[in-house]
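First up is the structure itself, then whatever we jot down about it.
Quick caveat, the model's predicted, so the values are computed rather than measured.
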Amino acid sequence: MGQPAYQSRRLQFASGAEVILQDDAVVATVLHAAPTDFAAHGFDLPEWIPGLNSGATLEDLKKAIDAPRYRTGMAFDMDGAYAVPNFKNNRGWNDPGNLLSITLTVEAPGRSCRPEDDNCPVCSDVLVRNSDSDGDQNGATGSATEGSAAGMDVERTIAALSSAVSAGLIKESLHWVPLADLRPLYASGLMERAESQLTCTQCRRIICLTLFRASAPTFVYAVMDEARRRPLEKIPPVEQWGDASRLAKDRKAMHYVDHHPSAWFLVEQQGELFLQARYWLNSMVDSDVLLRLEPDELEAYRSGGKDFLSDLAQRIDKSRPHTEESPYFHRDLYRGPDSAALAKSFAAAIVNHTWIAEQRRRP
């Protein structure tokens, strides 16, 4: 409960068919059109789907399967099941010879993780389970404080995730609890649920590791739509739960000051004020600039408050700050060498105040 399938198995046949099971339950069947390690010639598609061959394009599949397309992606809705074609490099579906496989599953595409990703070489082993004295995984139960719960070794799982993040294999979300803060926040008892989310760079699954105050921790693989709907509590101030080293780090960090929805955020760092202002590249695409307020702008802010910042944000937008002609182009700190670190620090400062965070806290 609250963890991926305990055992994922694949039954592979010389015909090119592959059956994927999770805890001995069949979750998908894959028909490999291209040769594989276990099938030298690939599956004989015409045997199951008349009119198809290994060189089939997406248009050929439409004609042969004769089923409506699912509302997203390239899948076909087959009245309670789905046929999902997989093309080379996820492109070239109109060119013969690029069809790799067809996956048959009862799970709607995009609503859950693909069964094929169970064996992802990057993230399938980051969940560390407990073992009994004989070395068998037994689903033992314990408290998260002890580092184990419901078969999961929490401490070692966090260590495995942290290692993968450091190696650039998994990317930590800036909108959730930082992985390094997860256990301290849990131990404080200030949050009903503390959750970190991380995205695998290989399979794109989102890992949701959640420590609950009154129940066992969970480890879940999710797709983007599912992950973004998960509730996020307001993260308490670090003064309420951090140790001396974490407090020292926080004193040097950016801190939220104010914001105007969909327009700007203001943060402070060691006496300096930074404004992140939204601007529009066109009617469909927007972006942000990050400016350190200059002395005259600081003075105007002290006298004009939020009205001045809103006016400044409008002037930034109208100046087209992504072009060198704008007086704000060279001031944009996101264009500098420290842009990634600044973006991470800024996201941590405003994590409780974004529109997404407010939506997740709604009952």
Mind checking the CG-CG spacing from L211 to L182? Nearest 0.5 Å is all I need. 4.0 Å
Could you state the interatomic distance from CH2 (W93) to CG (D60), rounded to the nearest 0.5 Å? 15.0 Å
Within the 4.5 Å heavy-atom criterion, are [X] and [Y] side-chain neighbours or not?
X    : Y    : result
D44  : S15  : no
L99  : T57  : no
Q276 : L290 : yes
Y221 : C123 : yes
E226 : R111 : no
F87  : D95  : no
W176 : R230 : yes
L209 : I158 : yes

Give every residue pair that meets the side-chain hydrogen bond (donor to acceptor under 3.5 Å, both in side chains) criterion with at least one member in residues 28-39, sequence neighbours excluded. E18-H32
Show me the pairs that pass side-chain hydrogen bond (donor to acceptor under 3.5 Å, both in side chains) and involve residues 244-254, at least two apart or across chains. D181-R246, D243-S245, D250-H255
Test item: [X] side-chain N/O and [Y] main-chain N/O as donor-acceptor pair under 3.5 Å:
X    : Y    : answer
Q197 : A227 : yes
E324 : F329 : no
D317 : W280 : yes
S124 : P121 : no
S310 : D307 : no
D117 : C120 : no
T323 : R320 : yes
S8   : Q22  : no
R204 : T199 : no
W241 : L190 : no

Any link between V30 and V84 through a network of hydrophobic side chains (Ile, Leu, Val, Met, Phe, Trp, Tyr) touching at under 4.5 Å? no
Side-chain heavy atoms nearer than 4.5 Å, only ILVMFWY residues, links allowed to pass through others: does that put M254 and V351 together? no
[X] versus [Y], closest heavy-atom pair with distance:
X    : Y    : answer
R335 : P321 : NH2-O, 3.8 Å
E107 : S112 : CB-OG, 3.4 Å
L281 : S287 : CD1-CB, 4.5 Å
F212 : P217 : CD1-CA, 4.3 Å
R183 : E155 : NH1-N, 4.2 Å
L247 : E239 : CD2-CA, 3.7 Å

Would you kindly check if the NZ (Lys) or CZ (Arg) of R213 is within the cone defined by 45 degrees around the ring axis of Y186 and under 6.0 Å from the six-membered ring centre? no
Check: F346 ring centre within less than 6.0 Å of F274 ring centre: no
Can you tell me which residue among R315, R302, R331, R292 is in a salt bridge (Lys or Arg N to Asp or Glu O under 4.0 Å) with E297? R331
For the salt bridge (Lys or Arg N to Asp or Glu O under 4.0 Å) test, which of D24, D118, D23 pairs with R9? D24
For the side-chain contact (heavy atoms from CB on, under 4.5 Å) test, which of I206, V126, L179 pairs with I170? V126
L161 and side-chain contact (heavy atoms from CB on, under 4.5 Å): which single residue from L198, V128, L169 fits? L198
Once you measure the plane-to-plane angle for H353 and H259, does it fall in the parallel (<30°), tilted (30-60°) or perpendicular (>60°) bin? tilted
